Engineer: 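This structure is in structure tokens; I'll ask about it shortly.
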Amino acid sequence: MSGSDLRNAIEILPDRLYYVPLRSLPKETSTAHFFNIDSDLVYWNFFLDFGPLNLGQLYRFCSLLNGKLQGERLKKKVIYYYSSTHSHRRANAAFLISA
């Protein structure tokens with residue numbers, strides 16, 4: 001991951017929460033925390049579709065994100081929610097971060 005990858009990050013909460021699709025795993029720094037749910041919340045397709053995730057998975061994501069935003073450990077860090085660059089993962093990530 002390079003600094004140019006983060007230039008494409010979409011600001012969700014000013015100076016606090018961003019979404020970015022990445023090709024490689026990022027490394028946490030003293031000022032940034034990265035998290036991903038691509039392999040944790042998996043959509044079980046009905047036919048040839050790819051999402052959106054169900055209401056229970058949305059609730060789990062919101063709980064996880066709220067914990068990160070309100071937690072003392074990450075209080076002074078910028079939080080980056082990232083997904084892979086695959087179009088299905090990006091679409092589901094956009095759904096989650098905008099819900």
Side-chain angles (χ1 to χ4, degrees):
M1 184 192 77
S2 66
S4 63
D5 291 331
L6 294 182
R7 279 191 314 203
N8 296 326
I10 299 167
E11 187 176 53
I12 307 299
L13 296 174
D15 299 321
R16 184 71 173 126
L17 177 64
Y18 294 81
Y19 165 70
V20 62
L22 297 173
R23 289 191 174 101
S24 61
L25 297 176
K27 294 189 180 187
E28 191 156 337
T29 68
S30 61
T31 60
H33 171 72
F34 295 88
F35 80 102
N36 165 301
I37 55 86
D38 284 352
S39 60
D40 298 328
L41 301 178
V42 178
Y43 177 73
W44 297 98
N45 61 326
F46 176 69
F47 186 60
L48 295 177
D49 58 341
F50 56 87
L53 298 174
N54 67 44
L55 190 55
Q57 291 168 319
L58 173 62
Y59 176 81
R60 284 181 53 203
F61 175 79
C62 290
S63 295
L64 175 68
L65 181 58
N66 282 333
K68 290 180 180 294
L69 290 170
Q70 296 172 4
E72 287 296 317
R73 187 176 74 83
L74 303 175
K75 189 175 187 176
K76 296 183 180 183
K77 289 189 176 192
V78 174
I79 299 171
Y80 289 91
Y81 167 51
Y82 72 96
S83 70
S84 74
T85 56
H86 188 279
S87 61
H88 296 175
R89 301 280 189 195
R90 290 178 70 180
N92 282 325
F95 165 74
L96 289 173
I97 200 68
S98 63

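The model shown is predicted, which means the values in this text are computed figures rather than measured ones. Computed from heavy atoms alone, side chains included, the values below leave out hydrogens, waters and symmetry copies.
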Engineer: For the residue pair Tyr81 and Phe61, categorise the inter-ring angle as parallel (less than 30°), tilted (30 to 60°) or perpendicular (more than 60°).
Structural biologist: tilted
Engineer: For side-chain contact (heavy atoms from CB on, under 4.5 Å), just list the numbers for Asp15 and Val78, CA-CA rounded to whole Å, side-chain angles, deciding distance to a tenth of an Å, and then say yes or no.
Structural biologist: CA-CA 7 Å; Asp15 299 321; Val78 174; 5.8 Å; no
Engineer: Report the distance from atom OH of Tyr18 to atom CG of Leu6, rounding to the nearest 0.5 Å.
Structural biologist: 10.0 Å
Engineer: Under 30°, 30 to 60°, or over 60°: which ring-plane class applies to Tyr82 and Phe34, parallel, tilted or perpendicular?
Structural biologist: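 Perpendicular: the ring planes of Tyr82 and Phe34 meet at over 60°.
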Engineer: Which pair of heavy atoms, one from Arg23 and one from Thr85, lies closest together, and at what distance?
Structural biologist: CG-CG2, 3.7 Å
Engineer: Hey, what do you get for CZ (Arg16) to NZ (Lys77), rounding to the nearest 0.5 Å?
Structural biologist: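 Arg16 CZ to Lys77 NZ: 10.5 Å, rounded to 0.5 Å.
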Engineer: List the steps, then state whether side-chain contact (heavy atoms from CB on, under 4.5 Å) holds for Leu17 with Leu65.
Structural biologist: CA-CA 10 Å; Leu17 177 64; Leu65 181 58; 3.9 Å; yes
Engineer: For Phe35 and His33, take the angle between the two ring planes, folded into 0 to 90°, and tell me which bin it lands in: parallel under 30, tilted 30 to 60, perpendicular over 60.
Structural biologist: parallel
Engineer: Starting at CD1 of Ile10, measure out to OH of Tyr80 and round the result to the nearest 0.5 Å.
Structural biologist: 12.5 Å
Engineer: How long is the span from the NZ atom in Lys68 to the CZ atom in Arg73, to the nearest 0.5 Å?
Structural biologist: 6.5 Å
Engineer: Please report the interatomic distance CG(Asn36) to OG(Ser83), rounded to the nearest 0.5 Å.
Structural biologist: 7.0 Å
Engineer: If you round to the nearest 0.5 Å, how far is CD1 of Ile37 from CZ of Arg89?
Structural biologist: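 One gets 8.0 Å once the value is rounded to the nearest 0.5 Å.
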Engineer: Is there a donor-acceptor pair under 3.5 Å between the side chain of Arg90 and the backbone N or O of Val20?
Structural biologist: no
Engineer: Please report the shortest heavy-atom distance between His86 and His88, naming the atom on each side.
Structural biologist: ND1-N, 3.0 Å
